[in-house]
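Both counts, for ligands and for their atoms, begin at 1 and track the order of listing. Being a predicted model, the structure only gives us computed values, none of them experimental.
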Amino acid sequence: MPQQAAPKRHSGLAAAAGVAAVGGGVVAGELLAGFASPSLSPMTAVGGAVIDAVPPGVKDWAISLFGTADKAALLTGMALVIAAVAALAGVLEDRRRFTGAALAGLFGLAGAAAVLTRAQATPAALSLPIVAALIAAFLLRFLIKKLKAWRAEPAPDGQPRRSFLQALAITGTASAVGGAAAGMWRGAAIAVSDARGRLSLPPAASPAPAIPSGAEAGVAGLQPLVTPNPDFYRIDTALSVPSVNPDEWTLKVTGMVDREVRLTFAELLAKPLLERHITIACVSNGVGGDLIGNARWLGWPVRELLAEAGPRHGADMVLSRSADGWTAGTPLDILTDGERDALLAVGMNGEPLPLEHGFPVRLVVPGLYGYVSATKWVTELKVTRFADDAGYWTPRGWSERGPIKTSSRIDVPRSGRPVSAGAVVFAGVAWAQHTGIGKVELRINRGPWREAELAPGISHDTWYQWKLAADLTPGQYEVQVRAADLRGNVQDETQRPPAPDGATGFHTVRVDVKS
Ligand SMILES: Nc1nc2c(c(=O)[nH]1)N[C@H]1C(S)=C(S)[C@@H](COP(=O)(O)O)O[C@H]1N2
Ligand SMILES: [Mo]
């Protein structure tokens, strides 16, 4: 029997350590993406970049070879390449400290580069491949150190040997189990995001009214009047984004109605759809905050569906329920109002709803905070009474009713950035959904209010941009903004926190004017 249980080089074991370590990193990245948002998945980003990069001939060949399993084949191929590089990283790390870890790091950078080619290249999406690589590098160092310790003390039943094999087994098992979970979880999300990719929305029977010229105030630093989907704020209680297959989606109208109605996605798409710009806001948005966005929504008025069901006398609320169980309670009269386009929305800025924003169908109601109206992944509308039912947030300290409060924000100059003396341009947004903004005013150092130049709004349901140039000499200034709606109601000056029904107070910024 050989005394040396450990030969000079453990290439096989080093390679196995590499695969377990890198597997751990990749799986951690996928699980983090699963929790945060499916669009963040590093594997999906890399796969997408690969698909974009291969010549059409190769793509056709792959599709003819693998058929509808082409995606699975691609992922398998990627897994094999990653495993091969991981094995190499293990062997390298074993020969020379940090070389394998560096290879893992390079792989992370390649992943980040792949993310950069994607539409969803947000900081969070960019950071995930890096985080995955750091975890992989750390695990690799950890395992190889233990392997070397074993080699230094090669007794067949010694503690270092057991310690290495245990660490290898634990890392490998955790990666495999985590990978299987992430795979199942992501499989559903991939199927739904494929379905979304294949979908082409019908044109609107009633297109969005044209954006008036001059609605963009044209000041650098102002956010676009229509918020691009990747920049749109996201608020929900979903730990992972619900995967709702449009082919299986139905919406039922239940409760106090003459007839229960069931609507499929195909039926919904066949309805005469409206397209409208609507600015939605979160009740948690603090004064000056950014939990507000404006999009062009495509959808069918909820009033039409409710009319088919026939709400019974005495009903005053619609409890909308999401696929993940979340609920919102919306006044029935607002949903049935012929003058207010509360939509069962399927489109956002010309595309199907992004998964995070409620694919395949959500509610959008002009004038109400999201928590009482904007149910994403909506699957049920229960016609009921405020006396009998409550939406998710109401028993949790938030008001039963949530009309959006008239408010305004200073976006330019950016806070903390000094400006030069002379004509200083101030600009921002103001909103009074469904009433419209009549006036925006600014005051400097609590002086008189000065009326800002108000850009035309897209509609009363959207925010408006404004600007004002003020001549300022060097010094420190406190600048405040206030808006009034078209009925002349000035926004509330009292400083109140978001709970229970929306923050109030004037947005106040400090401006440093330099000579
Ligand atoms: N299913 C579901 N829908 C939801 C929520 C939620 O937690 N779950 N949050 C609501 C809240 S509080 C807001 S402000 C809006 C935000 O919509 P957005 O994420 O598309 O911006 O969604 C609403 N719809
Ligand atoms: Mo919200």
Enumerate, one pair per line, all nitrogen or oxygen atoms of ligand 1 lying under 3.5 Å from a protein nitrogen or oxygen, stating the separation to 0.1 Å; write 'none' if no such pair exists.
unit_1, atom_1, unit_2, atom_2, d
ligand 1, 1 (N), S322, OG, 3.1
ligand 1, 1 (N), K376, O, 3.3
ligand 1, 3 (N), K376, N, 3.0
ligand 1, 7 (O), T237, N, 2.8
ligand 1, 7 (O), W326, NE1, 3.3
ligand 1, 9 (N), I235, O, 3.3
ligand 1, 17 (O), R362, NH2, 3.0
ligand 1, 19 (O), I235, N, 3.0
ligand 1, 19 (O), K376, NZ, 2.5
ligand 1, 20 (O), H357, ND1, 2.6
ligand 1, 20 (O), R362, NH1, 2.7
ligand 1, 20 (O), R362, NH2, 3.4
ligand 1, 21 (O), Y233, O, 2.6
ligand 1, 24 (N), A374, O, 2.9

Open item on the list: To the closest 0.5 Å, what do you measure between CG (D512) and OH (Y477)?
Closed with: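 The distance works out to 10.5 Å.
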
- [ ] List the steps, then state whether salt bridge (Lys or Arg N to Asp or Glu O under 4.0 Å) holds for D236 with R234.
- [x] CA-CA 7 Å; D236 52 62; R234 174 188 165 198; 2.9 Å; yes

Open item on the list: Using salt bridge (Lys or Arg N to Asp or Glu O under 4.0 Å), reason through E351 and R196 one step at a time and then give a plain yes or no.
Closed with: CA-CA 9 Å; E351 356 172 327; R196 179 181 180 274; 2.7 Å; yes

Task: Candidates D341, D461, I458, V364 - the one meeting side-chain contact (heavy atoms from CB on, under 4.5 Å) with R276 - done: D341

TODO: Among E260, K382, E380, R321, find the one that has a side-chain hydrogen bond (donor to acceptor under 3.5 Å, both in side chains) with T254.
DONE: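 Option passing the side-chain hydrogen bond (donor to acceptor under 3.5 Å, both in side chains) with T254: E380.
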
Open item on the list: Check whether T122 reaches the backbone of A125 with its side chain - one donor and one acceptor, N or O, closer than 3.5 Å.
Closed with: yes

